[in-house]
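Since the structure comes first, as structure tokens, the remarks are kept for the end.
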Amino acid sequence: QVQLVESGGGSVEAGGSLRLSCAASGSVYDRTRFMAWFRQAPGKEREGVAAIHVAGGKYYGDFVKGRFGISKDDDKKTVYLFLNTLKAEDTAIYYCAAERFQTAGLEPLDQRRYDYWGQGTQVTVSS
């Protein structure tokens, strides 16, 4: 069954904003410590954008530089990624991910931490 469902992607002009949502099934959301957003641009490796811990701690990729924000709604079992001041280089497929097994020794934005992945949502920024 589908565990993570992303939505909110689309096309926007440079400088614009989008809000991405990741709705998780209860069996995933209630058991995970970390949920995160990754992105993959054409021809590039997937990179970590932001992660959030069950207790609320937030972690961001170095390139974010204050432009993006991650938050969660425990009642809705949903994680959000707020994309602001978008640039053409932010164009990518954005993926939601959730940890299944508690993994020690890995950074919050290390892909190896994550076992569940959504199908991705496309973000296209035109300059």
Side-chain angles (χ1 to χ4, degrees):
Q1 67 276 24
V2 178
Q3 311 278 13
L4 301 173
V5 179
E6 301 103 331
S7 61
S11 297
V12 64
E13 293 185 352
S17 300
L18 285 173
R19 186 189 76 168
L20 307 184
S21 301
C22 174
S25 64
S27 61
V28 170
Y29 193 90
D30 293 338
R31 298 177 183 178
T32 191
R33 291 186 311 157
F34 283 97
M35 291 189 67
W37 287 92
F38 291 82
R39 71 182 187 182
Q40 187 165 21
K44 295 187 177 181
E45 295 185 353
R46 189 162 55 187
E47 61 181 349
V49 179
I52 189 165
H53 186 265
V54 61
K58 302 176 182 180
Y59 309 84
Y60 295 97
D62 292 340
F63 64 89
V64 170
K65 299 187 185 299
R67 296 187 299 126
F68 301 167
I70 189 170
S71 68
K72 63 186 179 77
D73 184 327
D74 292 336
D75 291 336
K76 295 182 178 179
K77 303 189 190 303
T78 298
V79 174
Y80 301 98
L81 182 67
F82 297 89
L83 306 174
N84 301 306
T85 319
L86 283 162
K87 306 174 182 179
E89 51 262 43
D90 294 318
T91 294
I93 300 175
Y94 285 71
Y95 297 92
C96 178
E99 176 191 56
R100 179 180 181 186
F101 301 107
Q102 295 187 16
T103 306
L106 296 178
E107 296 295 323
L109 288 176
D110 189 320
Q111 299 181 46
R112 294 172 293 174
R113 175 181 287 279
Y114 297 92
D115 306 285
Y116 296 105
W117 293 84
Q119 80 286 355
T121 186
Q122 176 71 48
V123 171
T124 302
V125 184
S126 58
S127 57

Looking only at non-hydrogen atoms, find the nearest pair between [X] and [Y] and report the distance.
X: V28; Y: A98; answer: CG1-CB, 3.6 Å
X: G48; Y: F38; answer: CA-CD2, 3.3 Å
X: S7; Y: T121; answer: C-OG1, 4.3 Å

Supply the atom-to-atom distance [X] [atom1] to [Y] [atom2], rounded to the nearest 0.5 angstrom.
X: S127; Y: E89; atom1: OG; atom2: CD; answer: 9.0 Å
X: M35; Y: L81; atom1: CE; atom2: CG; answer: 11.5 Å
X: Y29; Y: K72; atom1: OH; atom2: NZ; answer: 4.5 Å
X: E13; Y: L86; atom1: CD; atom2: CG; answer: 11.5 Å
X: N84; Y: F68; atom1: CG; atom2: CZ; answer: 8.0 Å
X: Y116; Y: C22; atom1: OH; atom2: SG; answer: 13.0 Å

Heavy-atom neighbours of Q40 CD exceed 12 at 6.0 Å =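 Yes.
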Transitively linked via ILVMFWY side-chain contacts under 4.5 Å: [X] with [Y]?
X: L18; Y: V64; value: yes
X: I93; Y: V123; value: no
X: F82; Y: V125; value: no
X: Y80; Y: L109; value: no

Determine whether [X] and [Y] make a side-chain contact, defined as any pair of heavy atoms from C-beta on separated by less than 4.5 Å.
X: F63; Y: E47; answer: yes
X: R113; Y: R33; answer: yes
X: P108; Y: K58; answer: no
X: V79; Y: W37; answer: yes
X: L83; Y: L20; answer: yes
X: T91; Y: Q122; answer: yes

Check: [X] side chain, [Y] main-chain N or O, donor-acceptor pair, under 3.5 Å:
X: E6; Y: Q119; answer: yes
X: Q111; Y: R46; answer: yes
X: T32; Y: E99; answer: yes
X: R39; Y: A92; answer: no

Over 60° means perpendicular and under 30° means parallel, so classify the ring planes of W117 and Y114, tilted if in between.
-> perpendicular
Could you label the plane-to-plane angle of the Y59 and F34 rings as parallel, tilted or perpendicular, counting under 30° as parallel and over 60° as perpendicular?
-> tilted
